[in-house]
Every structure is written in C-alpha cells, then in structure tokens.
Number of protein chains: 2
Amino acid sequence: MSLDPIKPSRGRPKTLDRDHVLDVAMDSYWKEDIGSLSLNEICRRSGVSKPGLYREFSNEDGLMKAVLIRYQELVLSPVQQMLNSDVPFREALDNLISFAASVSCHDESPNGCLFIKMRESRTHLGEATRAQVDFLEEQGLVTFQKWVERSRAKGEFSAEMSSEFAATYIDAQLSNASSQIARGEDPQMVQKILVAALSILK
Amino acid sequence: MSLDPIKPSRGRPKTLDRDHVLDVAMDSYWKEDIGSLSLNEICRRSGVSKPGLYREFSNEDGLMKAVLIRYQELVLSPVQQMLNSDVPFREALDNLISFAASVSCHDESPNGCLFIKMRESRTHLGEATRAQVDFLEEQGLVTFQKWVERSRAKGEFSAEMSSEFAATYIDAQLSNASSQIARGEDPQMVQKILVAALSILK
DNA sequence: GCCTTATTGTACCGACTGGTATTTAATTAG
DNA sequence: CTAATTAAATACCAGTCGGTACAATAAGGC
C-alpha cells in the first residue's frame, strides 16, 4: 500500500505515549474494579490530559478495547500457543492450572485474568469492547475444543464427554478460578479446587 | 420486657412501607449490577423520598444489609434447613444442584444468587453489609461441612477428601454456577457443568 | 386552641462522571 | 516571515452520585 505509517511529520509533534497509557490502563483495569475505574483516574495516573486520551482512543470503549487486545497479545496468546502445540495433554493441563491459579499483573495483589474480569463486567463495557470479549471467548472455546480433540486422537484424553462440553467445562472452571483469585482467596486452595474439578478429564 | 413495639402513636403517622422498599431494593439488586444501582433509582422505583429512605435505613449500607438479611430469610434459610435435615446425601445434592441452576427473583431474566452476587461485588459494599456477607459465607461453609460429615457417618459420602475441603469445593462450584446464571448462560448447561463438577463427591 | 412529637418531601450540597469547545503551543511548507 | 497543520491542556458542559437542611404537615397531649 502507499499509506506508510512513517512520520507525516507535520504540525506539533506528538508527545503522548500510547503504550505507556495502555500499560497504565491495563494495570488499573486488571487490579481494580472495572466499572468503578474512571477515565479521569486513568488520565491522572498516566499523566495525560483528557482530550489527549480521547484523541488517541476516541472514547472509553476504544481504550478498553485497545487494553483488551494488548492483554490478549501479552498474556492469552502464549497460553493458546501452548495449547496448540503438541505438549502432552497432562502436561498442558498442568500448565493451564498453574497459569490460572497465579495470574497477576505484577508481584502485587492477585487479580485473576483480565479477560475473564471483563467478561464478568460485561454490563460496564462499551460495544466494541464487548464484541472483542465475545470474539476472545469464542476463540478460547474453539482452542479448548480442538485441544481436546487432538488429545483424544493421541489417546491422551479418554473421558466420556463431547469435546464441546469438555471445552465449556474447562472454560467454566478456569473462569471460576480467576474469580476466586480476584476475590483474594488463597492461590493454593484455588489450585487445589481446580485440580479436583479438572480431575474428571482423564 | 417493658418496651413493646406497639404504636407509640405520637407525631405524624408513618406512611413509609419498609417491606415494600425492601422488596423493591432486593429485586433491583438481584437482577441488576449492584455497583451500578443508585439509591436515587431505588427511591424512584419504590416511590419513597430520599430522606425517607435515609431515616429508615441510615444509609446505603444499612439498606443493603437489610436486603441481605431479608434474602437470607427468604431464600438461603430453606436451603440450609434442607441440608440440616436427614434427607439422603444424593437427594440433598440434587436439590442443591437444581436450586443453584435456577435461582431467580421471579420468572424473568436469570440472575443467580443474590448473596453470591454481593460476595462478588465485595468492593461496592459498605462495612455492615460486608460483615453480613462474611457471616453468611462462614455460616454456609459450616453448613456444608457438617452436612458432609453427617453424610459420611451415614455411609453416604465416601470421597477421599477432608470435609473442610469438600465444603470449600461445593461452595466454589455453587458460586461458579451462580455467576454463570447471572451472566445469562443456559441454565441446562450450567446444571450439566455442576453435575459434572460435583460428581467427584461420591 | 396551642405545644410537642414524629414523618414528610423539596430543594439543595459538593464531588465526580464521560465527553467537548476553545485557546495556545510547536512544528513544517511555502 | 507567514500560513497551515497538528497536538497540547484548561476549563467547561450536563448529568448523576450519596447525603442532608429545612420547612411543611399530621397526629396526640393538654
């Protein structure tokens, strides 16, 4: 294409650091209640003026969608790749469990999976973000289902249930684990519950 | 005692219908996002002026605590009584499952268990309500644990796990089911997941 | 007829929300 | 140099929030 994203280099140079804002916003949404975190607060924290933020992301919905996409690239994608690889089923399951029982943005207070938090806060999301959540949810279910099907073909999964149900079940349990982590429950207990619940996949 | 709750019968007669307000508030908190439902809105819906509501419940915290207590009496208590009775374990478990997979305030949109919703919205609660949630949570865990212990003594529960863990596990799965119902997922699927997850208790 | 007591609703408070109009600053094109 | 272009931040908008001062009202006691 002829439209290069190179400097058009005209007018006052941009000082707004998009990635910095996204980092701050992701951290904030991650460790706090999504519905209670205001744009004003994100502006304060990222040191950006409100009109600046609106110029970059259009509105709150645009910012949250951008944050979610960033989260997908940063956190979800590696997990999906692991599930798409040929790691043995039990090993992949163990990885999945320890991932779910430990997700946090940094070393601080536990907060669960941001995607799942957003899914739970569905009513607080704008149109675009909600659509992105739906897309990621579907993508996740497909990933689980294909993983189960491949594992079954390899003889590593023999539970008597449809692959579709298995995918839904895994999603439900991971979702539950994330909620518990976010609620502040002991990660070890969360993991123990997860192990028990997923033990029916054998 | 000498303090009868009979009409002190002095001053302007009260017209505020406490129970009506509580009903409206319970319904509202039940089927909508707790953190997004304002006192103003509850006043509008119940036809009560704001100072009237404050006189009756002190503040938002007081109202929510009163609502939670009402919910406990109305919904939770019967379930607890069932678990404290000598109903066979499998039957009680089935009751618990169909209860969890169907809780709604009326025939309308599903909304899960209000207590669990409040527990998930912990950050939006005032001090008194939060304390009440903690109390009910502890009470629930104790009920589950004693139920498991009695069932084990009757030879109806033989899974190899501590009664304490079993109680935590049941709580986690019911909580998950409630969240799914509230999120609008198909009750039949929720029930199926619940049955699968609780199948490890045998 | 008052006075006291208790409940009522209007009208307000300061703080905050998502979003924007507007002015000012910094750069390039000519 | 000026004009055009782009981005900056201040200061504002209407609306909502939880909470309250306050004057009007309705009853009993005397």
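The figures here come from the full heavy-atom set of this structure, side chains too, leaving out hydrogens, waters and symmetry mates. Each chain gets a letter, A, B and so on, in the order the sequences are listed, and its residues count up from 1.
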Side-chain donor-acceptor pair under 3.5 Å between A:Thr123 and B:Asp33, yes or no?
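A:Thr123 vs B:Asp33: no donor-acceptor pair found between side chains.
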Please check if any side-chain donor atom of B:Gln173 sits under 3.5 Å from a side-chain acceptor atom of A:Gln173, or the reverse.
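Yes.
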Work out how much the helix from C:dG1-D:dC30 to C:dG30-D:dC1 bends between its end axes, five pairs an end, to the nearest 10 degrees.
30°
Give a yes or no on whether the backbone of B:Cys113 and the side-chain of B:Ser178 come within a donor-acceptor separation of less than 3.5 Å.
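A pair under 3.5 Å: yes.
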Whole angstrom value for the distance that separates [atom2] of [N] from [atom1] of [X]:
| X | N | atom1 | atom2 | answer |
| --- | --- | --- | --- | --- |
| B:Met64 | D:dG18 | CE | P | 11 Å |
| B:Arg18 | C:dT8 | CZ | P | 13 Å |
| A:Leu37 | C:dC16 | CG | C1' | 13 Å |
| B:Leu16 | D:dA27 | CG | C1' | 17 Å |

Which of these nucleotides, C:dT28, C:dT24, C:dT8, is closest to any side-chain atom of A:Arg10?
C:dT28
Pull out every residue in residues 118-132 of chain A that has a heavy atom closer than 4.0 Å to any atom of DNA chain D, ordered by number, or say none.
none
Per the under-4.0 Å heavy-atom filter, residues of residues 39-62 of chain A near DNA chain D come out as A:Ser49, A:Pro51, A:Arg55
For B:Glu60, is there an ion pair with B:Lys65 - N to carboxylate O distance below 4.0 angstrom?
no
Under the side chain to side chain contact (heavy atoms under 4.5 Å, CB included) test, which residues partner [X], sequence neighbours left out?
| X | value |
| --- | --- |
| B:Tyr54 | B:Leu39, B:Lys50, B:Asn59 |
| B:Ala182 | none |
| A:Ser38 | A:Asn40, A:Glu41 |

Distance flag, aromatic centroids of A:Phe89 and A:Trp147, threshold under 6.0 Å
yes
Given D:dA7, is OP1 or OP2 found less than 4.0 Å from the side-chain N or O atoms of A:Thr15?
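Looking at the OP1 and OP2 atoms of D:dA7, neither is under 4.0 Å from any side-chain N or O of A:Thr15.
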Are any of B:Ser38's side-chain N or O atoms less than 4.0 Å away from OP1 or OP2 of D:dC17?
yes
Do other residues, nucleotides or ligands put more than 12 heavy atoms under 6.0 Å from the [atom1] atom of [X]?
| X | atom1 | answer |
| --- | --- | --- |
| A:Arg90 | CZ | no |
| A:Lys202 | NZ | no |
| A:Gln139 | CD | yes |

